[in-house]
Protein chains: 2
Amino acid sequence: MTSALKARMERRVTVIKALAHPSRLAMAEALQQGEMCVCDLRELVGADLSTVSKHLTVMRDAGLLMMEKRGLNVYYRLKCPCLMSFFECVDSLAAQPTKRAKRNVGAPASK
Amino acid sequence: MTSALKARMERRVTVIKALAHPSRLAMAEALQQGEMCVCDLRELVGADLSTVSKHLTVMRDAGLLMMEKRGLNVYYRLKCPCLMSFFECVDSLAAQPTKRAKRNVGAPASK
DNA sequence: ACTTTACTTGGCCATTTCGCCAAATAAACT
DNA sequence: AGTTTATTTGGCGAAATGGCCAAGTAAAGT
């Protein structure tokens, strides 16, 4: 892999990784409706506030989100509306049953 | 997060994670031109053959790729053409300078 | 100045991911 | 049957990621 290609891929990966987590993805989707403050997002994903904050930092660092502090609250919003078509693509792939079942893993009924 | 939302996010994440690596991303992009065998892909990313094979398994398990064995070679191809618009979206985000520099990380000039 | 509310940061441990090596499989050739 | 070529699988250590707790910051209220 040439270093130019590699560098381009790494920049992309930063963005993609920022979406590669259920809580982050749920937040990104919710933010398509408009800005939300951290406590609202915390309620959405139901995790510890510090965890949510770190997830938001990951997405912000990747250039996905903008933040703005107003009063005591911090509001986050999407930087790019193009996520919609991206999710459609991902969903069309996610809809299909995957080819091979994960080996030596039973149904994770609990979590 | 309701369990329905969570399940939907997890299915998406499987697909997204499959793209969240420089080598896998480079291979996915290359495969937009048409099918390639593992040894070609190995040359593209310049990693150990076993490593490449495992990356391909990840993408196949996620439903991104199809495989077909012909003779001694195994050919992989994309299952979905919609990746193109996805990459455009990602690139438009990747192009912007990220908000905050990664702390305590120098330029990884070597690797 | 002190408290409260909203959020971020640091630290630590558990889990996952990555990459190499060695070994296994599988088709084609001799 | 034995060898070569192409690829997958198992295993293991190293690095990255995720989540909780505790501590820090910062605006607003008293």
Side-chain angles (χ1 to χ4, degrees), chain A residues 1 6 9-10 13-27 35-62 65-77 99-105 108 110-111, chain B residues 1 6 9-10 13-27 35-62 65-77 99-105 108 110-111:
Chain A
M1 187 150 55
K6 188 167 182 181
M9 294 303 114
E10 278 168 1
V13 164
T14 302
V15 174
I16 295 173
K17 274 193 178 170
L19 290 167
H21 185 285
S23 297
R24 293 199 292 264
L25 209 44
M27 292 192 280
E35 68 175 18
M36 294 174 78
C37 71
V38 181
C39 57
D40 290 339
L41 291 165
R42 194 212 131 266
E43 205 165 308
L44 174 74
V45 305
D48 191 274
L49 194 54
S50 71
T51 301
V52 172
S53 178
K54 279 178 184 173
H55 280 314
L56 289 167
T57 300
V58 170
M59 289 199 278
R60 189 154 48 86
D61 286 356
L65 304 182
M66 308 263 293
M67 83 185 279
E68 186 185 350
K69 181 154 194 172
R70 292 203 299 274
L72 276 179
N73 296 303
V74 176
Y75 293 88
Y76 281 89
R77 77 176 92 91
K99 271 302 169 49
R100 40 156 83 189
K102 287 237 180 89
R103 291 132 307 184
N104 49 317
V105 170
S110 57
K111 189 202 170 190
Chain B
M1 188 150 54
K6 188 168 180 180
M9 293 305 113
E10 278 167 1
V13 164
T14 301
V15 174
I16 296 173
K17 274 192 177 169
L19 290 166
H21 185 285
S23 297
R24 293 200 291 264
L25 210 44
M27 292 193 279
E35 68 175 20
M36 294 174 78
C37 73
V38 181
C39 58
D40 290 339
L41 291 165
R42 192 212 132 268
E43 204 165 308
L44 174 73
V45 304
D48 190 275
L49 196 52
S50 70
T51 300
V52 172
S53 178
K54 280 178 183 172
H55 281 313
L56 290 168
T57 300
V58 169
M59 289 199 277
R60 189 154 47 86
D61 286 356
L65 303 183
M66 307 264 294
M67 83 185 277
E68 187 185 350
K69 182 153 194 172
R70 291 203 300 274
L72 276 180
N73 297 303
V74 175
Y75 293 88
Y76 280 89
R77 75 176 95 88
K99 273 301 169 52
R100 40 156 84 191
K102 285 236 179 92
R103 290 134 305 186
N104 46 315
V105 170
S110 58
K111 191 203 167 190

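Chain A is the first sequence line, chain B the second, and so forth, proteins listed ahead of strands; every chain is numbered from 1.
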Note to self: In whole Å, I'd like the distance from the CZ atom of B:R42 to the P atom of D:dT5.
What the structure shows: 15 Å
Notebook entry, point to check: Which parts of nucleotides 15-24 of chain D does protein reach within less than 4.0 Å, heavy atoms only, written one letter per nucleotide 5' to 3' as B for base, S for sugar-phosphate only and - for none?
Noted result: --SSSBBB--
Item checked: Interatomic distance where CE belongs to B:M59 and C1' belongs to C:dT17 [whole Å] -> 15 Å
Note to self: Expressed as a whole number of angstroms, how long is the span from A:L49:CG to C:dT8:C1'?
What the structure shows: 9 Å
Next item on the list: For residues A:L44 and A:D40, determine if any side-chain heavy atom of one lies less than 4.5 Å from a side-chain heavy atom of the other.
Entry: no
Next item on the list: Please state how far atom CE in A:M1 lies from atom C1' in C:dG19, giving the value in whole angstrom units.
Entry: 13 Å
Next item on the list: Examine distances only and state if a side-chain atom of B:S53 and a backbone atom of B:L49 form a donor-acceptor pair shorter than 3.5 Å.
Entry: no
Checklist line | Interface with DNA chain D, restricted to residues 68-76 of chain B and to heavy atoms under 4.0 Å | finding: B:L72, B:N73, B:V74, B:Y76
Next item on the list: Measure the shortest side-chain to side-chain distance between A:L56 and A:M59 over non-hydrogen atoms and say whether it is less than 4.5 angstrom.
Entry: yes
Check: Between B:M36 and B:M27, is any pair of side-chain heavy atoms under 4.5 Å apart?
Finding: no
Check: Shortest non-hydrogen contact from B:P22 to A:E10?
Finding: CG-CG, 3.8 Å
Next item on the list: Measure from NZ or CZ of A:R70 to the centre of the six-membered ring of A:Y75 and say whether it is under 6.0 Å with the direction within 45° of the ring axis.
Entry: yes
Margin query: Looking at A:E43, I want to see if its CD is surrounded by more than 12 non-hydrogen atoms of other residues, nucleotides or ligands under 6.0 Å.
Written below: no
Notebook entry, point to check: Side chain of B:T57: nearest nucleotide among D:dT9, C:dT9, D:dT7?
Noted result: D:dT9
Item checked: Euclidean distance, atom CE of residue A:M67 to atom P of D:dA26 [Å, nearest integer] -> 12 Å
Notebook entry, point to check: Whole Å only: how far is the CD atom of A:E43 from the C1' atom of C:dT5?
Noted result: 15 Å
Checklist line | Validation row: A:V58, A:K17 side chains within 4.5 angstrom (heavy atoms) | finding: no
